[in-house]
Structure formats: structure tokens, C-alpha cells
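Structure first, then comments.
Whatever order the structure lists ligands and atoms in, that order sets their numbers, starting from 1.
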Amino acid sequence: MRIASVEVHRCALPLVRPFRTSFGTEYTKDVLILELTTEDGVVGWGECVAAPDPLYSHEFNDAALLVWRDFLIPRVMGRELTAEDVPSLIGAVRGHPMARGALELAILDAQLRATGESLATYLGSSRTEIPCGVSVGIPDDDSLDTLMAEVAGYIADGYKRVKLKIQPGWDLVPTRLVHETWPDMPLQVDANQAYSRNDIEHLVKLDEFGLLLVEQPIHEEDYLGHKLLAERMITPVCLDESVLSVDNAESLIDYGACEIVNIKAGRVGGYLSAKAIHDMALARGVPVWCGGMVETGLGRAANVALASLPGFVLPGDTSASDRFYTQDITTPFVMNDGLMTVPTGPGLGVAPIPDILAELTVSRVHVA
Ligand code: NPG
């Protein structure tokens, strides 16, 4: 294929409730959607999981726009290519995995729409539906009652696993309460780097709750801290922000800092890299699960396809659209008995609904 044009839609989707983590609170999803058209007139869609501010990682939306315009898109425009060529074509540009991943996804979507293959089949899917977990933020009012009401609602919806966001001052008490109220519900916690290696003895206290895992408790660059924690803790240590590529994932596993991997395609530069991490982990017998970044239906479709690969043995943050949005930009993703159907249509299998996309679009940039 040859790319003829690239358009960015900057959209704002109100969230059904604020989403608070140890690194900040989101009230609205401010998201960049890539619309790429090939010379043959095929349209591919990509979603960038960067946020407006560099709080989860160094990436942010305005930087993604610049990187696309000045460095990434010029390397893929006007030449015959396949999605598999993209990592090497843009490989000289350092960093910016979320911007790279969104571009690669739009190209892959166009390629698969042209051949009629679904993303799930292309990636090597082994399932037609996947179990869904839900990520529960820290309540805006710091209230345990608010937390319990929210968790009860998700359990009534059918979610098969609950993940609690934790931070110093909001950890043992909420985790104990949720665990004791729903002792059979698989439970895990995510600190988004809020602790340090000085907190290891405190974190070990989480062991009494029989958690599936503790996710990214310590700073992303502190591999030794995670290794020391993994040696001390019964609960498996899972890494998210620290994992950036297949080589670094394998290094972290080998070193003993990472016992379970959260795979987020955006964080690792796209679905091809995500698949490579999955394949490596599967070969080594290391469990993986699919993380979420409050995606719209486009990114959610891709995540559900990824999460249907055989190594994804734990439920992912692949919640239904209504967990975050009253109005998604695609047909909403729904859950039945805690399961979500893997899209089977060509490419992502979903596309933005034009009127809704227009309604939620704040600005449009013609990048190329
Ligand atoms: O279900 O999409 C979802 C959200 C899951 O908690 C979730 N994501 O740290 O993993 C995370 C967190 C996140 C959200 C990270 C937004 C970055 C941006």
C-alpha cells in the first residue's frame, strides 16, 4: 500500500465518573484518532493512547502530533509498504512508542481491511471471546463507601476480576475491605510507581489478601527494587510502565524483577511489538494480561483482539465501553456474563460512527 493522506481527529469524550490514579485524575478522555487513507482509497484507523499531560509516561498528545508530522509520517509517506515494514522504517526515531503504535495500527488496519482479515486472526488469536476485568480508580472523595458502591456495581455487571488503584495512604484498608467482602473475586492492585524500594516491608503486607498480582509498585527504572520485592513477596510482581520492548521485557523477567507482564500495545510501540512480547512470555511460561488505557472503541477493539492470544491467561483491563463512556465513538463494546466477543470483521472490525466522531471532535489536523 501507499499512504495518500493522514488526518488527526482530536476528540474529547466525557467520562462517566472521574478516573483517579496515583499519578492524576482524568475527567474527560482527550484522545487523538488517526485516519489514514491509502492511494487505493482504503481507510485505516489508529488510536493514540497518550494523554494530554506527561503523567503516566513522558508521552503526551501535543508531542505525538509533532512527532507524527515531523519525524514518523515523512518516513512512511509516498512509498510502497506493509505494516510489517513500519517498525524498521520509523526505527531510527527514538522513543514515542504511543505515537509509533498508533501510526502502525492505522497502517495495519488499512492493510487488513484491504485483505479482509481480522486483526485477531492476523495476530494468531485462539479464542472467540475473552474474560473481562475492571480497573477501579481511587474515589475522588477518598471514601470507602464510594469505592464499595463502585465495586459492587462492577461485580453486578459480571466482571471477572477487579483491579484496585492504590497509593500510599490508600492501600491495605481498601484492599482488605474488597477482599473480605468478595473473597472469591480475583483481585489485583496497581500502584503506578507510587512506592519506593524503602516500602518493601509495607508492600509485603498485601500478601495476606491472596492477590493475583501487584502491578508496578515501584518507580519504572528501579529494576533492583522490583527484584528485591519479588524475592520478599508471595504475591507475583507484575510490571507495566517498566516494560517497553520485547528485549527489555525478557531482561526484566530473567533478572527476577517481573513475574507477570502487563502488555499494553501503546506503551511498547504497537501491536507487532505487543505480539512479540506475548510470544516470548508464552515460550518462557510467563503469564501476561492486556492492560487498558481508557481507550475508545477503536483501541478497545485492538486490545480485545490482542487479549485473545493464548498467552493472555489472566483477565485484562478490557472493560465494556460503558465503564468509561456514555457515548463511545464506535458501536459500544458490551459484556455478556463477564465475556466480550472478539471482533471478526476486517482490520479492527469497528470504525468510528461518522456523526458521533464529528460531534466529539474538538479539532482536526491534516498532517499529511
Ligand atoms: O480499563 O482502560 C482501562 C483502564 C485501566 O487502570 C487502567 N489503566 O495504569 O494501567 C494503568 C491505567 C492507565 C489509564 C494508564 C490511563 C494510563 C492512562
Side-chain angles (χ1 to χ4, degrees), residues 13 15-32 47-61 64 97-98 101-102 130-139 147 150-151 153-154 157 159-167 170 187-195 212-220 238-244 260-268 274 288-304 306-307 312 314-325 328-330 332-333 335 338 340:
L13 284 72
L15 297 182
V16 293
R17 60 165 65 82
F19 186 54
R20 179 172 162 208
T21 63
S22 64
F23 61 85
T25 308
E26 273 187 288
Y27 298 89
T28 304
K29 174 74 177 177
D30 182 353
V31 59
L32 302 180
E47 172 169 346
C48 181
V49 294
D53 308 308
L55 300 179
Y56 167 81
S57 81
H58 66 275
E59 278 191 279
F60 60 104
N61 286 338
M98 297 175 188
I130 54 153
C132 300
V134 65
S135 174
V136 187
I138 300 165
L147 175 79
E150 191 178 338
V151 174
Y154 296 138
D157 288 343
Y159 283 103
K160 293 199 179 286
R161 179 276 273 155
V162 170
K163 156 168 144 179
L164 299 182
K165 291 291 190 179
I166 60 165
Q167 65 182 12
W170 183 267
L187 184 63
Q188 63 193 56
V189 295
D190 181 9
N192 290 109
Q193 320 184 47
Y195 299 86
L212 289 174
L213 57 92
V214 55
E215 182 181 354
Q216 198 68 52
I218 300 175
H219 190 269
E220 61 188 0
C238 167
L239 294 185
D240 172 10
E241 288 95 316
S242 298
V243 177
L244 302 171
I260 296 180
V261 187
N262 169 339
I263 301 185
K264 283 180 182 163
R267 197 196 62 229
V268 301
V288 305
W289 59 282
C290 181
M293 293 184 70
V294 193
E295 287 86 353
T296 74
L298 290 173
R300 203 161 292 275
N303 285 348
V304 173
L306 179 69
F312 285 82
L314 295 166
D317 284 340
T318 46
S319 48
S321 297
D322 68 2
R323 154 71 184 89
F324 291 110
Y325 306 117
D328 205 336
I329 64 172
T330 64
F333 277 79
M335 200 175 56
M340 194 172 282

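For atom 15 (C) of ligand 1, the closest non-hydrogen atom of the protein is Tyr56 CD1, 3.5 Å. Residue, atom and distance of the protein heavy atom nearest to atom 2 (O) of ligand 1 are Val294 N, 2.7 Å.
Within the 4.0 Å heavy-atom criterion, the part of Asp190 lying near ligand 1 is the side chain and not the backbone. At a heavy-atom cutoff of 4.0 Å, ligand 1 is contacted by no atom of Thr21, backbone or side chain. Under 4.0 Å from ligand 1, not a single heavy atom of Arg323 appears. Proximity of Asn192 to ligand 1, defined as any heavy-atom pair under 4.0 Å, is confined to the side chain (atoms from C-beta onward).
Taking OG of Ser319 as the start and OH of Tyr154 as the end, the distance is 8.0 Å to the nearest 0.5 Å. Considering CG of Asn303 and CG of Leu298, their distance stands at 11.0 Å, rounded to 0.5 Å.
Listed by atom number, the atoms of ligand 1 under 4.0 Å from Asp240 heavy atoms are 9 (O), 10 (O). Per-residue contacts place Lys264 under 4.0 angstrom from the following atoms of ligand 1 (heavy atoms of the residue considered): 9 (O), 10 (O), 11 (C), 15 (C). For ligand 1, the atoms sitting less than 4.0 Å from at least one non-hydrogen atom of Ser135 are 5 (C), 6 (O), 7 (C), numbered in the order shown with element in parentheses. Listed by number with element, the atoms of ligand 1 under 4.0 angstrom from any heavy atom of Asp317 are 1 (O), 5 (C), 7 (C).
Checked by distance only, ligand 1 and Phe19 stay at 3.5 Å or farther apart across all their nitrogen or oxygen atoms.
When Lys165, Arg267, Met293 are checked for heavy-atom proximity to atom 12 (C) of ligand 1, Lys165 turns out nearest. Of all the listed residues (Gly292, Gly291, Gly133, Gly266), Gly292 holds the heavy atom that lies closest to atom 4 (C) of ligand 1.
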Determine, step by step, whether Asp190 and Gln216 satisfy the side-chain hydrogen bond (donor to acceptor under 3.5 Å, both in side chains) criterion, reporting the C-alpha distance in whole Å, the side-chain angles of both residues, the deciding distance to 0.1 Å, and the verdict. CA-CA 6 Å; Asp190 181 9; Gln216 198 68 52; over 6 Å; no
Salt bridge (Lys or Arg N to Asp or Glu O under 4.0 Å) assessment of Arg267 paired with Glu241: CA-CA 8 Å; Arg267 197 196 62 229; Glu241 288 95 316; over 6 Å; no
Stepwise salt bridge (Lys or Arg N to Asp or Glu O under 4.0 Å) test for Glu47 and Arg300: CA-CA 9 Å; Glu47 172 169 346; Arg300 203 161 292 275; over 6 Å; no
For Thr28 and Leu15: C-alpha separation, side-chain torsions, deciding distance, then whether side-chain contact (heavy atoms from CB on, under 4.5 Å) applies. CA-CA 5 Å; Thr28 304; Leu15 297 182; 5.7 Å; no
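Heavy-atom separations between Gln216 and ligand 1 are all 4.0 Å or longer. Heavy-atom distances between Glu241 and ligand 1 stay at or above 4.0 Å for every pair.
Taking the ring centre of Trp289 as origin, the terminal cationic atom of Arg161 falls inside the region bounded by 6.0 Å and 45° from the ring axis.
Under a 3.5 Å cut-off, the side chain of Thr318 and the backbone N or O of Val304 do not form any donor-acceptor pair.
Minimum interatomic distance between Cys290 and Leu306 (heavy atoms only, all atoms of both residues): SG-CD2, 4.3 Å.
If you check the side chains of Arg323 and Tyr159, you find no donor sitting under 3.5 Å from an acceptor.
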